[in-house]
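The structure under discussion appears below in the form of structure tokens.
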Number of protein chains: 2
Amino acid sequence: MNTNQRARHLRLPEATAEDEAGAADRQFVAALGRGLDILRCFDEGDAELGNQDFVQRTGLPKATVSRLTYTLARLGFLTYVERSGRYTIGAGVVALARTMLNNLDIRQLARPQMLELAERFGAVCCMAARDRNHIVFIEMARSSSAITLSTDVGSRVPIESTALGRAYLAVMPADERTALLADLKQARGKDWPAAKAAIAQGQEQFRRQGFVVSLQSWQRDVNAVAVPLVMPNGSGIYSFMCGGPSFLIKQAALENEIGPALRQMVYRLEVGIGGRRGVHRLRD
Amino acid sequence: MNTNQRARHLRLPEATAEDEAGAADRQFVAALGRGLDILRCFDEGDAELGNQDFVQRTGLPKATVSRLTYTLARLGFLTYVERSGRYTIGAGVVALARTMLNNLDIRQLARPQMLELAERFGAVCCMAARDRNHIVFIEMARSSSAITLSTDVGSRVPIESTALGRAYLAVMPADERTALLADLKQARGKDWPAAKAAIAQGQEQFRRQGFVVSLQSWQRDVNAVAVPLVMPNGSGIYSFMCGGPSFLIKQAALENEIGPALRQMVYRLEVGIGGRRGVHRLRD
DNA sequence: AATTATATTCCGCATTGCGGAACTAAGTTC
DNA sequence: GAACTTAGTTCCGCAATGCGGAATATAATT
């Protein structure tokens with residue numbers, strides 16, 4: 001066997017499908033994984049990418065990339081741009097995203113309450129889920145007076161440096177969390193110790209108060225508080241946040257008013273979807 | 001060779017990847033196509049789907065589906081729901097969609113003008129692209145007074161029965177259009193003659209007036225006018241629409257005011273992105 | 001015309017994915 | 001609680017499928 005020089009890919013910041021699949025996972029369909037890796041190559045600011053770019057970013061051989069992009073384009077997940085010979089993400093993806101959002105009942109349920117909260121505190125209130133190493137906004141409510149944050153549904157923020165992420169971590173099943181932390185550790189490199197401390201602190205705060213406050217740790221000028229929601233039917237975890245510009249939203253308000261109100265909101269949601277029956281663990 | 005009994009799938013309304021690939025396309029990666037077919041199984045109203053559902057909808061064998069869903073879930077394109085043993089679309093898709101939308105320059109450029117138009121006519125103004133047999137909303141601007149249509153970014157509407165779609169068809173390259181029409185024909189079955197006539201009429205109207213008006217052909221109570229935009233760099237075609245409830249937006253207004261205004265807007269956009277040379281295209 | 005950079009096509013090889021069948025695991029029904 | 005039903009995973013041998021190095025095509029650049 002002189003083969004298997006395949007997995008000799010460049011090591012890149014984001015793990016590729018191949019890496020994740022670990023050794024030999026008889027169940028994992030590599031061709032599919034690679035195709036999706038191609039899609040994930042697109043990042044903020046990459047309007048168009050050519051096969052060459054994909055080759056560089058994924059470490060896959062030219063011929064392979066060519067075939068994959070061809071396939072993706074054929075199915076509308078990529079759009080071929082005549083003039084430049086490059087690709088953009090196809091419109092099909094947007095439709096898929098909408099289907100997902102529309103069918104997320106919890107989101108419909110939460111929306112009015114989020115709006116109310118945002119209005120009440122002149123803040124922004126978001127709902128988020130996790131996508132691998134990131135937190136993704138799933139819904140966003142702004143008070144009419146709020147200074148608009150430049151984020152929107154579908155935007156991603158880091159896990160370890162946001163209230164949303166730390167709240168999420170606080171309620172993750174132990175095994176999953178361990179895996180995720182390991183992942184983050186290697187992605188963050190030497191910034192890890194600081195991140196780890198912040199996570200631990202979030203954990204602790206959640207245990208005591210039922211929410212996680214974050215002061216400017218994600219962006220210099222944003223303060224926020226977050227509360228996680230574990231879906232009772234095992235469909236995962238969501239995280240809710242309320243916050244705003246630091247000159248407006250102060251720590252005291254977050255801890256004494258907004259945090260409790262948000263916790264209350266999430267509690268109501270849990271009840272609304274049939275969790276928290278019988279005895280309650282966390283009462284306020 | 002006793003093989004090749006594989007392609008013996010049930011014939012389903014929406015063509016699957018396999019069908020499209022046609023005979024033997026050496027370039028097409030079937031495993032990837034099948035995986036994406038799984039994702040596409042989700043439709044409005046399908047919050048969760050189990051492997052069984054996928055088997056039914058795609059016609060693929062159990063074992064195959066099992067492997068594909070496993071892979072998709074591993075990569076965050078599907079989320080596994082503990083309790084029900086079924087899947088939902090993963091949050092990663094939403095992030096991907098956002099990336100696409102954010103990088104679509106034409107969209108940023110169009111937004112303010114769309115808003116202005118919507119405001120001016122008390123209507124809704126949308127921008128759309130095509131995803132296979134559908135038109136997908138890419139941007140939407142509402143006048144503050146508008147009665148909200150229940151559609152939103154990412155929603156899909158048919159091609160042949162909407163102004164947006166018919167405008168799109170009017171400027172498609174001949175070969176692509178032929179293929180698309182063939183596709184639609186077989187999907188629509190006996191409703192085709194009517195659809196075909198409407199398309200031809202749209203074509204004709206576009207040739208004469210530069211826009212396509214549609215009165216209640218998509219929904220009983222919606223009137224609209226649409227104008228297509230062929231990107232000068234060959235990155236595809238977009239379609240813009242302005243319209244609203246039929247009791248408010250009348251045919252006369254569409255033809256005499258709104259249509260021309262929309263046409264004008266699209267013209268400005270074309271200029272703004274360097275199309276419509278004649279004068280000069282773009283020197284860099 | 002020569003050079004570089006990028007993408008597609010070719011084609012033989014073996015890996016990968018396939019899928020029928022056997023096996024688990026949960027419900028239902030009687 | 002045995003006998004069905006229904007859904008999902010695992011097994012495993014087979015060969016079709018996808019792979020990828022090299023050759024070829026296509027453009028842009030000098």
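So you know, we letter chains A, B, ... as the sequences are listed, proteins then strands, and number each from 1.
Atom CZ in R83(B) sits about 15 Å away from atom P in dA26(C), given to the nearest Å. Regarding F28(A), its CZ atom lies at a distance of 16 Å from the P atom of dT9(D), rounded to whole Å. dA27(D) atom P lies 16 Å from atom CZ of R86(A), rounded to whole Å. Atom OH in Y80(B) sits about 10 Å away from atom C1' in dA7(D), given to the nearest Å. The distance between atom CZ of F54(A) and atom P of dT8(C), rounded to the nearest whole Å, is 11 Å. Distance N51(A) CG to dA27(D) C1': 15 Å, rounded to the nearest Å.
Between V29(A) and T69(A), the residue anchored closer to the 5' end of DNA chain C is T69(A), taking for each the nucleotide with the nearest heavy atom. Toward the 5' end of DNA chain C, the nearer of the two residues Y87(A) and A31(A), judged by each one's closest nucleotide, is Y87(A).
Ion pairing between a basic and an acidic side chain is recognised when a charged N comes within 4.0 Å of a carboxylate O; R57(A) and D46(A) show such pairing. The residues R83(A) and E48(A) are annotated as not salt-bridged, no charged nitrogen and carboxylate oxygen being separated by less than 4.0 angstrom.
Of all nucleotides listed (dT10(D), dG18(D), dG8(D)), dG8(D) comes nearest to the side chain of K62(B). With distances taken from any side-chain atom of A63(B) to the nucleotides dG17(C), dG20(C), dA7(D), the minimum falls on dG20(C). Of the listed nucleotides (dT10(D), dG17(C), dT6(C)), dT10(D) has the atom at the smallest distance from the side chain of S66(B). Distances were taken from every side-chain heavy atom of R34(A) (C-beta onward) to each of dG8(D), dG17(C), dC19(D); the shortest belongs to dC19(D). Comparing dT9(D), dA7(C), dG17(C) by their nearest atom to the side chain of R67(B) picks out dG17(C). Of the candidates dT9(D), dC19(D), dT8(C), the closest approach to any side-chain atom of Q27(B) belongs to dT8(C).
The backbone N or O of V29(A) sits less than 3.5 Å from a side-chain atom of T71(B), completing a donor-acceptor pair.
Y80(A) is linked by a ring pair (Phe, Tyr, Trp, His ring centres under 6.0 Å) to Y87(A), counting only residues two or more places apart in sequence or in another chain.
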